[in-house]
Amino acid sequence: MMGKDTCRRRAALALLTIVLSAGLSTLSAAKDTTITLGQEDASTLNVAADAETAGKLISEAYEAGELTQLIYYGNWYGPGWSGGSKDSKAGNKQPIDALDAIAQRHDFAYDIAAEQGKIHGPAEEARLRSLADAIAVRDANALPRNPREWRPPAPDPDKANNYRKRIGFGFRYESSFYDIEARLRAIKVPFLDREEVTTSGFGEDDLDRMARERAAEWFQRKDVRPIFRIELSASIDLIEEGGTADVGFRLVPILNEGSTAPGVSRQGIDPALLGRIRDAIAFEISGYGRIARKTADSVQIATTKKWLGLGSTVGTTITLKATYGGSDADVVEDSVSFGVALGTRFSTLRPSPNYTEFWPMQILTDDAEPCHSIGLNAWLVTSSGDAVRGMPLTFSREDGVTATAVTDEEGYATVTMELCPELLGDASEKDIAFVVTTASPSVGGNFYIMSTGTMLVHAKTHVEPQQIRGRVVDEGRGGRPIQGALVKLTDSIIAVEQVTDSDGWFSISVSLPTSENHLTVTANGYRPKSLTAKASFESRTIGLYPLEATLIGHVVNEMTGKGIDGATVHVTAPFDQLLNTRGGEFSITGLFVGDTVTLRADAQNFRAYVKSGRITTENPVVTFSLKPGSGEQSSELDPTEATEEDRRTALGSDKLYSLMVWASPADPAVFQDVTLTAQIFPPLSGVQVEVKMHGTDGYASSISAMTDAMGRVLLPIPGAESGVIDDVVAWIVGTDVKQRLRYSF
C-alpha cells in the first residue's frame with residue numbers, strides 16, 4: 001500500500017492500543033458502535049468486544065511502520081507496495097485482477113486522505129482512511145464468490161480467496177481504529193494532536209468516486225506496462241507411473257478497464273510483442289518428470305524413474321512451472337502439479353446372469369417375483385496385472401441406486417443388486433447398465449488412478465409386442481393419403497407416437513397392451529381426431545376433415561393504391577369460378593387449408609395478373625396490384641405465415657420446434673471476449689439446453705441450463721490468440737434438435 005506512516009502516527013496508534021486494552025471511559029461513545037463495512041457475510045465489528053484482538057493486530061501490523069505480517073498480493077497489495085514500486089510514487093505495473101484493482105483504488109484513497117489531512121488536520125485524515133478501508137472491504141465482498149468469474153479473473157483462485165478473507169478481517173479492524181482515532185482527536189485526547197478540527201465534507205461516495213478518477217488518470221500514463229497471465233490447464237491431476245499428461249498453454253492479456261498500455265487493447269495485440277513474450281517463456285519441471293514434447297499451445301509431461309531406476313515414484317509430485325524471463329511486459333506466471341500413481345483397470349466385469357425376463361405387472365401370480373437379483377463381479381488389477389487389494393468399489397445402477405464392496409487379496413469384489421421391471425420404462429426390452437468405479441485414490445500406502453467400468457444386463461418382458469396399424473386419409477378430398485400426420489397413443493402405461501409415411505400408413509408397437517388404447521391424430525390443416533383402438537386390430541382407415549378456409553382478396557391500382565371496382569377475378573383451381581370485385585375487394589369460400597389455388601385478376605386498361613400458391617391458414621389474404629397497360633404477369637400467392645398452433649400441430653409438440661445459436665460479437669477481435677447465445681423458437685422458459693465449445697488452442701467450456709423468459713441460454717467465452725478457431729454445438733436436451741457454429745479470432 002502507498003504511504004508509510006510517520007513516527008508520530010506510530011506513537012499515536014500505540015497509545016490507542018493501550019487505551020483500548022485498558023477500556024478507558026473515553027471510549028464509552030464507541031462501545032455501543034457497530035461499524036458496518038460490507039453487504040455480504042455480515043461484515044461488522046464490535047470495537048469494545050474485540051479490543052484485545054484489535055490491539056494485538058495493530059501492534060503487529062504497525063511494527064516499524066509497515067504491515068510486515070501481511071503477504072504481498074499482485075502489484076498493489078502489501079506494505080509500501082504500490083504499482084510494483086516501494087517508492088513514494090505509484091509504479092507503472094497494472095493490477096493483476098479485480099481484487100488488485102480494489103487495492104489500487106485504496107492506495108489513491110489513502111493519498112486523498114493524506115492531502116486532506118494536511119488541510120484539515122490528522123482527525124480528518126484518520127476519518128477518510130477509515131472510509132477507504134471500509135470501501136475496500138465492501139468492494140472485495142461484492143466480487144463473485146468464484147475468483148475465475150472476476151473481471152479481470154484471478155490467476156490463482158485459492159490465493160485470491162485467502163487474501164480477500166485477510167482483507168475482510170484486517171481492513172475491518174484498521175477502519176474501526178482509524179474511526180476511533182478520528183473520534184479521539186475530535187474530543188482532544190491528551191498526547192494526541194490538539195489543532196482545530198475541520199472536515200473536508202467528503203463522504204464514502206465522494207471518496208470512492210475520486211479514487212476511481214485517479215485510477216483512471218493513472219491508466220493514461222504513457223509508461224503503464226502491458227500485463228499478461230500464463231494459463232496452464234490439464235484434464236487430470238494424477239499421472240500413471242511411466243505415463244504422460246498433456247498440459248494446455250495459453251498466454252492471455254489482462255485487460256484492465258481504461259488501460260492504454262502500448263501494444264495491448266481490447267481490439268487487438270501487437271503480434272510482435274506477443275511473439276517476444278512467447279519466446280521468453282520457459283518451462284521447468286520439478287520431481288521425477290521430463291518435458292516429452294512442446295507445441296505452440298501445449299506441453300506433454302512424461303514421468304521418469306528414480307536414480308538408477310531404483311524404487312517407485314508412486315506418491316511423488318511432478319510440477320510444471322511456466323516462467324517469463326523477458327522485459328517487454330509484466331507476466332503473471334503459472335504452475336500445475338500432478339501426483340504420480342499406479343494405473344488401474346478392470347480385468348474382468350461380469351454380471352450373473354447377464355440376461356433376464358419379466359412377467360408384465362398386470363399378470364403376475366401370487367408366487368411370482370417382480371424383481372430379480374443380479375450378481376455383479378469385478379476384478380481390479382494394476383496396469384502391470386498385479387491385484388489391487390483393499391480397494392473400495394462403488395456399484396451404481398442406472399437409476400442411481402448404489403452398493404459397495406472392497407476387493408479381496410486377489411483383487412475381486414462381488415455385490416448383489418435388484419433389477420426390477422420398472423427400469424424398462426416403456427420399452428419391451430432394454431440393456432440395463434451397472435457402473436463400477438474405484439472409490440479411493442489411496443489404499444494401503446499406494447496411490448492409484450481411479451477407474452470406471454460398465455456391465456450390461458439385457459432385460460425384456462415375456463409379452464411380445466403387438467401392433468396398432470392404420471391409414472390416415474383426407475376425408476374432404478376424396479380419401480387421398482395424408483403424409484406427416486402425427487398419431488399419438490397414450491394411456492396409463494405407455495405413451496407412443498409416430499408420423500405417417502408417404503402413403504398415410506402408421507404402425508405403433510405396443511409392448512404392454514391394454515384393453516383400450518387412446519389415439520389422437522393431428523395434421524397441419526386438418527381438424528384433430530380422437531378415437532380408441534385395440535392392439536392387433538385389423539388395419540383401419542382414419543379420415544381427417546380439412547380445415548375450411550375463406551380467402552379474402554384485394555385488387556388495387558399499383559399507381560394509386562386504390563381498389564379497382566368491377567375487376568374480374570377468375571378462379572381456375574381447385575375449382576372454376578368467376579367473380580367481380582366491389583370496391584376492389586372479393587372473397588372465395590369452399591376452400592380448405594392445403595388447397596392449391598390459382599387466380600387471375602384483370603380489369604380494363606390494366607395488365608392481368610396470375611397468382612398461384614398453397615393455402616396455409618384458415619384466413620388467407622391475397623392482394624393484386626395491377627399495372628396500367630396490357631399483358632399478363634404471374635407470381636405466387638402472397639406469403640402467409642402459419643399460426644403457432646399450426647406449427648405445433650404439424651410437429652406434434654407443445655413446446656418448441658427450432659434452435660438458433662450465435663456468437664456476440666460474430667467476428668471477435670484477438671483476445672476479445674465472446675458471449676454464446678442459444679435461443680429456442682418460439683421463446684419458452686424452462687427448457688433445458690446444453691451448449692459446448694472447444695477451441696483449437698485446447699480451451700473448452702460448456703453449460704447445461706434452463707432457458708430464461710426469452711428462451712435463451714448464455715455461455716461467456718474468454719478471448720483467444722489470433723487464428724484460434726472455436727467450434728460450438730448446442731442442442732435441446734432430450735431431442736434431436738441441434739445447431740453448430742464456428743468462429744475465429
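Computation of the quantities below employed the complete heavy-atom set of this structure, encompassing side-chain atoms and omitting hydrogens, waters and symmetry-equivalent molecules.
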Report summary line: In this structure, CG of Leu456 is separated from NZ of Lys430 (nearest 0.5 Å) by 11.0 Å

Query raised in the report: Under 3.5 Å, is there a donor-acceptor pair between the Gln498 and Ser507 side chains?
Result: no

Query raised in the report: Hey, is the main chain of Ile449 close enough, under 3.5 Å, to the side chain of Thr344 for a donor-acceptor pair?
Result: yes

**Report entry** Candidates Val252, Leu274, Val332 - the one meeting side-chain contact (heavy atoms from CB on, under 4.5 Å) with Phe228
**Finding:** Leu274

Query raised in the report: Has the side chain of Thr295 got a donor or acceptor atom that lies under 3.5 Å from a matching backbone atom of Ser298?
Result: yes

Report task. Mind listing the closest non-hydrogen atom pair of Met417 and Val401 along with its distance? Result -> CE-O, 3.5 Å

**Report entry** Closest non-hydrogen atom pair between Pro144 and Glu149, with its separation
**Finding:** CB-OE1, 3.7 Å

**Report entry** Enclosure of Asp399 CG (heavy-atom neighbours >12, cutoff 6.0 Å)
**Finding:** yes

Query raised in the report: Judged by atom type as modelled, is there a donor-acceptor pair below 3.5 Å linking the side chain of Thr407 to the main-chain atoms of Val388?
Result: yes

Report task. Indicate whether the side chain of Thr414 and that of Asn377 have a donor and an acceptor atom separated by less than 3.5 Å. Result -> yes

Query raised in the report: To the nearest 0.5 Å, what is the distance between CD (Gln739) and CE (Met660)?
Result: 8.0 Å

**Report entry** Salt-bridge contact Asp297-Arg250 (side-chain N to carboxylate O under 4.0 Å)
**Finding:** no

Query raised in the report: Do you know the tightest heavy-atom contact between Ser701 and Ile717?
Result: CB-CD1, 4.0 Å

Report summary line: So CD1 of Ile167 and CG of Asn141: to nearest 0.5 Å the spacing works out to 9.0 Å

Report task. Mark yes or no for whether Asn256, through its side chain, and Ser259, through its backbone, hold a donor-acceptor pair below 3.5 Å. Result -> no

Query raised in the report: Ser337 and Thr319: side-chain donor and acceptor closer than 3.5 Å?
Result: yes

Report task. Rounded to the nearest 0.5 Å, what's the gap from CD1 on Ile301 to CD1 on Ile318? Could you check? Result -> 7.0 Å

Query raised in the report: Got a sec: does the CZ of Arg350 have more than 12 other heavy atoms crowding it under 6.0 Å?
Result: no

Query raised in the report: What are the two closest heavy atoms between Gly453 and Leu349, and how far apart are they?
Result: CA-CD1, 3.5 Å

Query raised in the report: Does atom NZ of Lys321 have more than 12 heavy-atom neighbours from other groups under 6.0 Å away?
Result: no

Query - Inter-residue atom distance Asp246.CG - Ser235.OG, 0.5 Å rounding - result: 7.5 Å

Requested in this report: Work out which heavy atom in Arg229 is nearest to a heavy atom in Pro253; give both atom names and the distance.
Outcome: NH1-O, 4.3 Å

**Report entry** Side-chain donor/acceptor of Thr500 to backbone N/O of Ala485, under 3.5 Å
**Finding:** yes

Report summary line: What one should report as the nearest heavy-atom pair of Ile725 and Ser744 is CG1-CB, 3.8 Å

**Report entry** Within the 6.0 Å centroid threshold, strictly below: Phe283 and Phe249
**Finding:** yes

Requested in this report: Indicate whether the side chain of Glu429 and that of His458 have a donor and an acceptor atom separated by less than 3.5 Å.
Outcome: yes

Report task. State whether Glu690 and Lys738 are salt-bridged, where the test is any N-O pair (Lys NZ or Arg NE/NH1/NH2 against Asp/Glu carboxylate O) under 4.0 Å. Result -> no

Query raised in the report: In Å, rounded to the nearest 0.5 Å, how long is the span from CG of Asp97 to NZ of Lys159?
Result: 10.0 Å

